[in-house]
Amino acid sequence: MQKVRCQGRSVVIAIMIIALVISGCSGKSGNGEAGGNDGSGEGKNGKKLDIAVSFFNIGLAFPNRETDEYLKRLESKFNVRFVDKVISYSDYKEKYQLWSASGELPDVFSHDIINSETYYSWIKQGIIRALPDDLSPYPNVANVLSLDETKSLRVDGKAYMIPRLTYRDYDTWAMERSLIVRKDWMEKLGIADPVTYDDYLNMLKAFAKDDPDGNGKNDTVGLTFRSAAMLAPIAGGTFPHLLNSSWVKEDGTYIPYFASDKMKTVVKQMRQLFTVGAIDPDFAIMKTNDGIEKFGQGKVGAISMQATPNGLAKLNAAWSKYNKDTKFEDIAHIIPVSWQSDDGNRYRYTAVTFWSESYFSARVNDEKMDRILQIYDYLLSDEFIRDKQYGIEGKDYTMEGDKITITREKNEEGEIKTIGSLYPSFNLFGSLAAWGQELEFVESEVNNIAYGEKLSRMSREGLKQRIAEHVPVPTNYQLELLYTPAKSKLSAINPTEDLTRVMLSKEDPVAMWESIVQGYENKGLSQAIQEVNEAVREQGLDK
């Protein structure tokens with residue numbers, strides 16, 4: 001297991017790591033030489049295969065296969081046809097559960113079940129297949145699975161998934177939990193940047209109650225959310241471990257954050273925020289990304305979500321649909337997702353370096369697995385990382401030595417088109433093997449094109465400030481990735497759903513939460529705590 005790394009690194013180190021990602025991915029596939037066809041239909045991949053794939057954004061990937069040149073190039077290169085099985089962020093868990101029961105899982109699919117009961121159950125039942133023992137033909141895949149955080153995730157010596165790396169650095173997660181607020185509303189209502197819980201409460205309530213849009217109607221919302229995962233972090237100032245849902249050490253014992261007595265204060269505050277109207281009254285029934293659309297319609301004062309360049313770009317796109325006369329960059333302001341803690345610190349989100357994993361159906365035979373791994377090795381190569389940023393060489397950009405000149409098409413407004421608009425298949429390929437989000441924070445022309453110069457700078461400067469001034473949530477990453485039988489069963493617990501229930505109820509919130517936690521005992525809470533702490537002592541993980 002990987003030891004907890006120092007959290008005080010500067011953003012300079014993060015950018016240095018990005019350079020290594022771009023230039024240092026090893027292997028022949030980085031030069032387009034591993035596997036694939038030479039264009040003649042002959043060679044190693046002479047037999048064309050259908051590859052069924054499910055990925056979170058795949059519904060946007062193939063609007064017109066005939067006009068997507070990158071899709072055609074990739075299918076030709078590996079002599080495959082990608083068959084999409086559509087999921088969304090809102091329904092992927094339910095669909096995978098259904099497909100696994102009916103034997104209809106796609107060949108390749110994205111899920112976030114590592115070390116859960118489902119993960120081990122699927123391995124035991126033969127629902128997912130292992131990767132080959134010898135990964136040397138796929139050096140970039142082998143590299144990912146040899147990282148300290150990932151090499152320990154094998155089961156009986158075998159790898160059953162490929163982690164989808166989000167960042168190569170713990171610190172670069174810092175903008176993943178933020179509030180984006182209406183700066184113009186703050187100015188109109190005379191509100192300064194909030195610091196304390198009361199500051200946040202009063203600001204969000206004012207957004208909802210004090211007619212910030214000036215239309216004389218009670219039609220504005222204080223705080224909304226991109227997804228359910230963005231709910232609990234609002235109270236991270238009261239209990240920092242809410243930011244990343246991690247285990248916390250209290251009185252010498254590690255416990256899941258939801259078992260801490262600090263949750264009693266949290267549930268009271270979250271109930272109050274909802275009761276006074278500071279929180280979107282529809283939050284409990286909203287689907288992922290509904291909040292982005294609602295913010296874009298101009299009726300929301302703040303949204304809890306990622307303030308990464310890509311996150312801001314999504315919000316900008318929604319805003320631009322409804323607000324033709326006002327630029328999003330002129331009204332947007334990024335602030336910490338939660339208030340200052342009692343110890344005087346502002347805490348920031350941090351996590352293991354990957355979120356979600358690629359899995360492979362047990363119905364995939366060795367021939368198809370080889371083809372899939374060739375594709376993954378290419379998607380993790382330096383060549384593809386360049387394609388992801390610039391497009392197709394000779395068409396969208398040219399290279400002379402290290403100098404890259406963008407020659408991409410322009411739209412009707414004279415702006416250079418984004419890669420996603422030219423090749424929608426990048427909604428799949430761009431993140432299928434790795435998110436690679438550290439690239440978003442590089443100051444570059446391609447990022448200015450993709451996300452907008454002002455929004456890129458806003459997020460980049462926010463990242464620098466957070467790393468310098470905010471404290472990462474104290475997290476034992478070795479423990480987070482630790483497997484014990486009882487710990488894996490805790491994945492059946494949904495604290496966010498239970499917190500929502502408390503917020504909506506009129507019963508005493510503390511009594512309700514105590515009852516909820518008592519109910520977790522039936523799901524093995526005490527046994528999990530015992531197993532985890534025994535493992536921590538035996539394996540020396542308390543470092």
Side-chain angles (χ1 to χ4, degrees), residues 174-175 177-226 230-238 242-243 266 268-283 291-292 294-307 311-312 315-316 318-319 322-323 325-342 344-349 454-455 457-459 461-462 465-466 469-470 503:
M175 300 301 285
R177 299 291 184 268
S178 298
L179 288 194
I180 295 97
V181 300
R182 290 284 299 267
K183 178 172 61 176
D184 54 333
W185 285 10
M186 293 178 72
E187 291 171 351
K188 180 176 181 178
L189 299 174
I191 298 172
D193 279 6
V195 177
T196 67
Y197 166 71
D198 286 338
D199 290 342
Y200 274 75
L201 173 71
N202 292 330
M203 177 187 73
L204 298 173
K205 184 169 65 172
F207 286 161
K209 303 295 184 182
D210 293 354
D211 192 25
D213 60 355
N215 67 355
K217 299 178 182 179
N218 183 24
D219 60 353
T220 56
V221 170
L223 171 67
T224 196
F225 309 88
R226 181 189 176 188
M230 301 296 169
L231 173 65
I234 296 301
T238 296
L242 284 167
L243 291 170
V266 168
K268 287 192 291 186
Q269 290 174 331
M270 295 298 283
R271 167 74 69 78
Q272 183 180 26
L273 285 164
F274 180 72
T275 301
V276 302
I279 287 178
D280 191 335
D282 298 327
F283 86 95
I292 289 179
K294 185 176 286 193
F295 188 97
Q297 292 167 358
K299 293 299 181 181
V300 175
I303 182 169
S304 175
M305 62 175 287
Q306 298 89 345
L312 295 180
L315 211 51
N316 180 39
W319 178 268
Y322 302 100
N323 302 276
D325 299 326
T326 306
K327 291 184 177 181
F328 170 68
E329 62 195 34
D330 293 332
I331 62 92
H333 180 46
I334 302 170
I335 64 172
V337 70
S338 191
W339 42 88
Q340 179 178 281
S341 292
D342 288 343
N345 290 319
R346 301 296 281 266
Y347 284 89
R348 57 177 165 87
Y349 181 81
K454 274 192 174 182
L455 296 181
R457 185 171 61 251
M458 187 186 303
S459 183
E461 291 176 352
Q465 182 183 15
R466 295 243 175 120
E469 299 178 7
H470 295 187
M503 291 170 64

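Both backbone and side-chain heavy atoms feed into the values below; hydrogens, waters and symmetry mates do not.
- With no hydrogens or angles considered, a side-chain donor-acceptor pair links Y197 and Q272 at under 3.5 Å.
- Surrounding CG of D342 are at most 12 heavy atoms belonging to other residues, nucleotides or ligands under 6.0 Å away.
- Distance alone, capped at 3.5 Å, is enough to place a donor-acceptor pair between the S341 side chain and the G237 backbone.
- Taking 4.5 Å as the limit, every side-chain heavy atom of L273 sits out of range of all side-chain heavy atoms of L223.
- Distance alone, capped at 3.5 Å, places no donor-acceptor pair between the N202 side chain and the A206 backbone.
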**Prompt:** Do Y200 and I335 pass the side-chain contact (heavy atoms from CB on, under 4.5 Å) test, and can you show the C-alpha distance, the side-chain angles, and the key distance before you say yes or no?
**Reply:** CA-CA 11 Å; Y200 274 75; I335 64 172; 4.1 Å; yes
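- In this structure M186 satisfies the side chain to side chain contact (heavy atoms under 4.5 Å, CB included) test together with V181, I191, D193, P194, M203, F207, H333, sequence neighbours excluded.
- Within the 4.5 Å cutoff, no side-chain heavy atoms of F295 are placed close to those of M305.
- Minimum interatomic distance between G222 and A208 (heavy atoms only, all atoms of both residues): N-CB, 3.6 Å.
- Using a cut-off of 4.0 Å between Lys/Arg side-chain N and Asp/Glu carboxylate O, D210 and K188 are scored as not salt-bridged.
- Proximity of a side-chain donor or acceptor of N218 to a complementary backbone N or O of K209 within less than 3.5 Å is not detected.
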**Request:** Could you walk me through whether R346 and E469 pass the side-chain contact (heavy atoms from CB on, under 4.5 Å) test, one step at a time?
**Result:** CA-CA 8 Å; R346 301 296 281 266; E469 299 178 7; over 6 Å; no
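- In this structure, W339 and T238 have side chains that are in contact, with non-hydrogen atoms separated by less than 4.5 Å.
- Residues K454 and N316 form no side-chain contact, since every pair of their non-hydrogen atoms from C-beta on lies 4.5 Å or further apart.
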**Request:** Please lay out, stage by stage, how I234 and S338 fare under the test side-chain contact (heavy atoms from CB on, under 4.5 Å).
**Result:** CA-CA 5 Å; I234 296 301; S338 191; 5.5 Å; no
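- Contact of the N215 side chain with the K299 side chain is registered, since non-hydrogen atoms from C-beta on lie closer than 4.5 Å.
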**Asked** Are Q465 and I334 close enough, and set up right, to give a side-chain contact (heavy atoms from CB on, under 4.5 Å), and what steps lead you there?
**Response** CA-CA 11 Å; Q465 182 183 15; I334 302 170; over 6 Å; no
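- Of all heavy-atom pairs spanning A235 and M270, the tightest one is CB-SD, 4.1 Å.
- In this structure, K327 places its NZ atom where only 12 or fewer heavy-atom neighbours from other residues, nucleotides or ligands lie under 6.0 Å away.
- At distances below 3.5 Å, not a single donor-acceptor pair connects side-chain atoms of T224 with backbone N or O atoms of D280.
- Legend: residues meeting side-chain hydrogen bond (donor to acceptor under 3.5 Å, both in side chains) with Y349, ordered by chain and number and at least two apart, are absent.
- For the pair P336 and H470, the minimum side-chain heavy-atom distance is below 4.5 Å.
- Contact annotation: the side chain of I292 approaches that of I303 to within less than 4.5 Å [non-hydrogen atoms, C-beta and beyond].
- Side-chain contact between M230 and R177 is present, with heavy atoms from C-beta onward closer than 4.5 Å.
- Relative orientation of the W319 and F328 rings is tilted, given thresholds of 30° and 60° on the angle between their planes.
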